[in-house]
Amino acid sequence: MEKIAFFDTKPYDKLWFDKLNTDYNIKYLDYKLTPDSAAAARGCKAVVAFVNDTISSETIDELCALGVKLVALRCAGYNNVDLKYAKDKISVVRVPVYSPYAVAEHTMALLLTLNRKIHKAFIRTRDFNFSLNGLTGFDLHGKTAGIIGTGQIGRIFIEICKGFGMNVIAYDPYPIENSNIEYVPLDKLFAESDIISLHCPLTKDTRYIINERSLAQMKDGVVILNTSRGQLIDSDALLQSLKDGKVRGAGLDVYEEETALFFEDYSSTIVQDDVLARLVSLPNVIMTSHQAFLTEEALQKIAEVTLFNLQQFYNGEALKNEVAYKK
Ligand code: NAI
């Protein structure tokens, strides 16, 4: 049986891979893939990696030296891979779609929790505090949601917003033709939206798309949602806008410096990231730790497609889900 090194394993990953895998000897590792940990892939032609693994040029060199020929990402995003460097050295495959519903629904969960202060009410009622002071929200109905990125997830989130009776405007450099989506320039989206939700990939064009300048263009009291990638937001600028009241609230499933922290339990340590500490301390910030994808359906699909990707690789077939470097 071919041996596979499976990095950053969590119990919920193992559950589905163990259920569906019949062909491979999977070596589950509970630490992330980095240049230092790559040596654990000795004897494997393929490794399975996740969103916060570091697949840099150094890691690629280490893997290549061991004879690894495939990095199978069990996620859709691949901004953590140096694709340019990987070209002609190692193949990279991914799971392009697992459950866009999971992420879109989580985005709405963040918005509803934030707006109706469910997180506060939950704590209060457990302490028999039935006061309503400070729990006032606003109707979503009639508000304008600005959606940045109208791919798989953005489109579903648009439908969810419309279900709440919201007006939706969107920006995407590649708009869907003949759709019923109202596309507007980015400046107009910033200026007119009551809620802004990010559903675009992290690229050199989108890094810090939410920054001091764009925040200044927004309506007072705007709500920002990010279930895409942390580096889409300049966290310092967001923090300042939350402190001075420009931003009414932020629902964040991702954080620009999440790699060192997310998916692990640091509850007994002193976290050194002061921006993160300040953000999570604010009553109008809800942070979840990159959990938007985490549904049973998504986990099953991730395992199915990753095993399919591995099978194509070992059979020497063309890799349907290969991520190719584009200039
Ligand atoms: P997708 O590839 O289907 O859609 C992305 C859309 O963004 C495309 O329509 C593309 O044209 C657009 N886009 C590209 N450049 C843009 C720009 N400069 N400005 C605005 N839009 C731009 O991707 P999908 O599946 O909808 O995923 C969206 C994001 O969600 C990705 O960043 C992905 O990494 C993230 N994600 C987060 C998960 C989580 O658990 N929090 C899970 C899965 C995906």
Side-chain angles (χ1 to χ4, degrees), residues 8 10 12-13 49-53 55 73-81 83 92 94-111 145-161 168-177 179 181-190 193 196-211 214 224-233 250-256 258-259 261-263 286-302 305-306 321 323-324 326:
D8 204 12
K10 295 287 179 281
Y12 44 83
D13 298 310
F50 198 47
V51 282
N52 286 330
D53 289 316
I55 306 155
L73 296 170
R74 55 181 195 282
C75 52
Y78 46 84
N79 53 281
N80 55 332
V81 183
L83 273 186
V92 180
R94 66 175 181 141
V95 181
V97 187
Y98 29 98
S99 174
Y101 300 100
V103 183
E105 288 170 14
H106 190 82
T107 311
M108 184 47 88
L110 288 174
L111 176 57
I147 312 299
I148 301 182
T150 58
Q152 316 263 4
I153 297 167
R155 262 175 278 166
I156 294 166
F157 189 61
I158 287 173
E159 291 309 311
I160 294 175
C161 289
V168 178
I169 53 177
Y171 169 76
D172 194 310
Y174 309 99
I176 306 164
E177 283 173 26
S179 70
I181 298 172
E182 184 188 343
Y183 286 101
V184 296
L186 201 49
D187 285 353
K188 189 168 157 73
L189 184 144
F190 287 143
S193 302
I196 294 179
S197 195
L198 301 172
H199 298 287
C200 55
L202 174 63
T203 64
K204 59 178 178 7
D205 296 331
T206 60
R207 185 170 184 275
Y208 283 0
I209 196 165
I210 303 297
N211 56 33
S214 53
I224 310 267
L225 304 169
N226 187 8
T227 53
S228 285
R229 284 294 179 264
Q231 286 182 36
L232 296 175
I233 298 184
L252 310 171
D253 187 51
V254 285
Y255 171 63
E256 62 173 309
E258 72 179 49
T259 305
L261 294 163
F262 278 21
F263 307 135
I286 304 273
M287 192 176 277
T288 51
S289 36
H290 211 133
Q291 110 179 43
F293 75 100
L294 196 64
T295 64
E296 288 171 8
E297 290 79 0
L299 290 170
Q300 179 174 351
K301 186 82 189 253
I302 287 170
V305 176
T306 303
N321 295 319
V323 194
K326 287 191 213 96

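One-based numbering, in listed order, for ligands and for the atoms of each. In this chain, numbering begins with 1 at the start of the sequence shown. The figures that follow rest on heavy atoms only: side chains count, while hydrogens, waters and symmetry mates do not.
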What one should report as the nearest heavy-atom pair of S193 and G146 is OG-CA, 3.2 Å

Proximal ligand 1 atoms for D253, defined as those under 4.0 Å from one of its heavy atoms: 39 (C), 40 (O), 41 (N)

Shortest protein heavy-atom distance from atom 40 (O) of ligand 1, along with the residue and atom involved: F293 N, 3.1 Å

How far is atom 29 (C) of ligand 1 from the closest protein heavy atom, and which atom is that? S228 OG, 3.3 Å

Heavy atoms only: which of H199, H106, R94 is nearest to atom 28 (C) of ligand 1? H199

Ligand 1 atoms nearer than 4.0 angstrom to some heavy atom of Y171 are 19 (N), 20 (C)

Check ligand 1 against Y98 and write out every atom of the ligand that is under 4.0 Å from a heavy-atom position of the residue. 42 (C), 43 (C)

Among all protein heavy atoms in this structure, tell me which lies nearest to atom 32 (O) of ligand 1, with the distance rounded to 0.1 Å. C200 O, 3.0 Å

Please report the interatomic distance CD(E258) to CD(Q231), rounded to the nearest 0.5 Å. 9.0 Å

Only heavy atoms count here, so choose which of Q291, R155, H290, K204 is nearest to atom 39 (C) of ligand 1. H290

Relative to the ring of F293, is the ring of Y98 parallel (under 30°), tilted (30 to 60°) or perpendicular (over 60°)? perpendicular

If you scan protein heavy atoms around atom 12 (C) of ligand 1, the nearest is D172 OD2, 3.1 Å

Does atom 2 (O) of ligand 1 have a protein heavy-atom neighbour under 4.0 Å away? no

contact_flag A76 ligand 1 heavy-atom lt 4.0 Å: no

Considering non-hydrogen atoms of the protein only, which is the closest contact for atom 13 (N) of ligand 1, and what is the distance? P201 CD, 3.7 Å

Decide yes or no on side-chain contact (heavy atoms from CB on, under 4.5 Å) for F190 and I210, but give the supporting numbers first. CA-CA 9 Å; F190 287 143; I210 303 297; 3.9 Å; yes

State, without any angle test, whether T150 and Y183 hold a side-chain donor-acceptor pair at a distance under 3.5 Å. yes

Between V305 and R94, the two heavy atoms sitting closest are CG1-O, 4.3 Å

For T107 and S197 the tightest heavy-atom approach is CG2-OG, 3.3 Å

Do any nitrogen or oxygen atoms of L202 come within less than 3.5 Å of a nitrogen or oxygen of ligand 1? no

Per-atom filter on ligand 1: closer than 4.0 angstrom to a heavy atom of T206 are 16 (C), 17 (C), 18 (N)

Taking all atoms of both residues into account, what is the closest heavy-atom pair of F262 and D253, and its distance? CE2-O, 3.7 Å

At what distance is the nearest protein heavy atom to atom 24 (P) of ligand 1, and which residue and atom is it? I153 CD1, 3.8 Å

Sidechain-backbone polar pair: T206 side chain, I209 backbone, donor-acceptor under 3.5 Å: no

shortest atom 4 (O) of ligand 1-to-protein heavy-atom contact is with G151 CA, 3.1 Å

If I compare all heavy atoms of F157 with all of H199, which pair ends up nearest, and what's the gap? CD2-NE2, 3.6 Å

Identify the protein heavy atom lying closest to atom 33 (C) of ligand 1, giving its residue, its atom name and the separation to 0.1 Å. R229 NH1, 4.1 Å

Minimal heavy-atom distance between R155 and I181, with the atoms involved, is CG-CD1, 4.2 Å

Proximal atoms of ligand 1 relative to V103 (non-hydrogen, under 4.0 Å): 38 (C), 42 (C), 43 (C)

Closest by any non-hydrogen atom to atom 22 (C) of ligand 1: pick that one out of G154, P173, A102, S99. P173

For atom 37 (C) of ligand 1, tell me which residue out of T227, N79, I148, V51 has the closest non-hydrogen atom. T227

Crowded around K188 NZ? As in, over 12 foreign heavy atoms under 6.0 Å? no

